[in-house]
There are 2 protein chains.
Amino acid sequence: MRDVQDVFAGFLEKRGLSLTRQRREILGVFLDAKRHLTVEGVYNIAKKKVVRAGYTTVFRTMKLLREAGIAKEVNLGGKIVKYERRYGHEHHDHLVCLECGSFVEALDPEIEKLQNKLCNKFDFTPRRHRMEIFGTCRRCRRRKHKP
Amino acid sequence: MRDVQDVFAGFLEKRGLSLTRQRREILGVFLDAKRHLTVEGVYNIAKKKVVRAGYTTVFRTMKLLREAGIAKEVNLGGKIVKYERRYGHEHHDHLVCLECGSFVEALDPEIEKLQNKLCNKFDFTPRRHRMEIFGTCRRCRRRKHKP
DNA sequence: CTTTTTTTGAATTTGAATTTCAATTTCAAT
DNA sequence: ATTGAAATTGAAATTCAAATTCAAAAAAAG
């Protein structure tokens, strides 16, 4: 995606920082990833690139990506921080399989509406939210019933 | 609550463990707490009791309480694990204030229903879920507008 | 009472997150 | 091209809660 780089460059400029090779490389790794990645995971890929990036740099760049609104921390279970794309990736909830760890991203406008209504009831101004449903996915349920 | 102790005693028995004074004391501290507590928090209260409990014992007992279905881990923001009551405390969602850290517990049956419907759509068997809305509570909103 | 088992808790270890700091790179000014 | 100030990098150190270890203390069994 062309404009994600532009967003990042713009963000960095506003902060008086520059889009270095390492940062570009790390952004690339992050955007290419299909699934959620940990800092460790991004690092493992980034260190093999032509312009190698160290762990610390990956760590700091992920933080920048977060601040730039490009990456988002998620935590489906474990205590290790994972990142998912945020830019050009609408808000969604997760259905996480407890057996295999896979997940699907889902969105229900009705639920979103009711969440706002719930906030009204408590005179609460919502900014963001998180909803995760844990259970068993279709594949794992089948695997269990017909082994 | 009388029967929480019984639940714990029963759980311990099933595991071949005994309800020691420390464990009883720690359970008491946990049940008396109004808000969510960290292990550290439980420990700070427990160490002042007649039957003092060390950090390790608190740590291990909270784990037992979790396994017994009496305590539940929650994580509203930070990375430190907090516990809330679970036994005799219905499922609920949290509205967490980003300014002051306070929260209210809420439940919307409509939302719960739609969550199940959403799971059906994905052929997903839900076991448990977590929903947290982060924003600004009534008090903090007022404090900002009329300082 | 003696032996065996469980429990306790101080101390240690672990592991991810974060910070430090010296070396390196970048870049604007000369 | 050269200099030097500022930004960047990354190995190493630090932090801090979580988890484990192990010897002493307590409880239970014989």
Practice prompt. With heavy atoms under 4.0 Å as the rule, sort E40(B) into base, sugar-phosphate or nothing.
Written response: nothing
Response to the item:
note: E25(A), atom CD; dT8(D), atom P; distance rounded to Å ~ 17 Å
Discussion item. What's the closest nucleotide to the side chain of Y55(A) if the choices are dA12(D), dT21(D), dT18(C)?
Written reply: dT18(C)
Fill in: NZ/NE/NH1/NH2 to OD/OE distance under 4.0 Å, K82(A) and E73(A)
no
Discussion item. With a sphere of 6.0 Å drawn around CD of E67(A), does it hold more than 12 non-hydrogen atoms of other residues, nucleotides or ligands?
Written reply: yes
Worksheet item: Taking NZ from K63(A) and C1' from dT8(D), how many angstroms apart are they, rounded to a whole number?
Response: 15 Å
Practice prompt. Using a 4.0 Å heavy-atom cut-off across all strands, classify T38(B) as base, sugar-phosphate, or nothing.
Written response: nothing
Discussion item. Between the base of dA10(C) and the side chain of T56(B), is there a donor and acceptor pair under 3.5 angstrom?
Written reply: yes
Practice prompt. Could you check whether V81(A) gets within reach of a base, just the sugar-phosphate, or nothing at all, counting any heavy atom under 4.0 Å?
Written response: sugar-phosphate
Practice prompt. Between dA17(D), dT9(D), dA17(C), spot the one nearest the side chain of R23(A), thanks.
Written response: dT9(D)
Discussion item. Categorize R15(A) for me: base, sugar-phosphate, or nothing, with a 4.0 angstrom heavy-atom threshold over every strand shown.
Written reply: nothing
Discussion item. If I take atom CZ in residue R24(A) and atom C1' in nucleotide dT9(D), what distance separates them, rounded to the nearest angstrom?
Written reply: 16 Å
Worksheet item: Does OP1 or OP2 of dA17(C) have a side-chain N or O of K82(A) closer than 4.0 Å?
Response: no
Practice prompt. In whole angstrom, give the distance that lies between atom OH of Y43(A) and atom P of dA16(C).
Written response: 14 Å
Worksheet item: Counting side-chain heavy atoms from C-beta on, which of dA16(C), dT8(C), dT20(D) comes nearest to T20(B)?
Response: dT8(C)
Discussion item. Tell me the interatomic distance from Y83(A), atom OH, to dA16(C), atom P, rounded to whole angstroms.
Written reply: 14 Å
Worksheet item: Taking K34(B) for the side chain and D32(B) for the main chain, is one N or O donor matched with an acceptor at less than 3.5 Å?
Response: yes
Worksheet item: Starting at CZ of F59(A) and ending at P of dA13(D), how long is that distance when rounded to a whole Å?
Response: 18 Å
Discussion item. Just N and O in the side chain of R52(A): are any of them under 4.0 Å from OP1 or OP2 of dG10(D)?
Written reply: no
Worksheet item: How many Å lie between CZ on R66(A) and P on dA17(C), as a whole number?
Response: 10 Å
Worksheet item: Ring centroid separation for H129(B) and H94(A), is it under 6.0 angstrom?
Response: no
Worksheet entry | Proximal nucleotide (of dT8(C), dA7(D), dG10(D)) relative to the R60(B) side chain | dT8(C)
Practice prompt. Look at all strands and tell whether K47(B) reaches a base, only sugar-phosphate, or nothing, counting heavy atoms closer than 4.0 Å.
Written response: nothing
Worksheet item: Closer than 4.0 Å, any side-chain N/O of R21(A) to the OP1 or OP2 of dT26(C)?
Response: yes
Worksheet item: Between dA17(D), dA27(D), dT18(C), which one does the side chain of K79(B) approach most closely?
Response: dT18(C)
Worksheet item: OP1, OP2 of dG10(D) versus side-chain N and O of Q22(A): anything below 4.0 Å?
Response: yes
Discussion item. I need the CE-P distance between M62(A) and dT9(D), as an integer number of Å.
Written reply: 15 Å
Worksheet item: For dT30(C), what is the paired nucleotide under Watson-Crick or G-U wobble rules, both distances under 3.5 Å?
Response: dA1(D)
Fill in: Worked verdict on T125(B) versus R141(A) for side chain to side chain donor-acceptor pair (under 3.5 Å)
CA-CA 8 Å; T125(B) 312; R141(A) 179 153 33 72; 2.8 Å; yes
Worksheet entry | Face-on cation placement of R127(A) at F134(B) ring, 6.0 Å and 45° thresholds | no
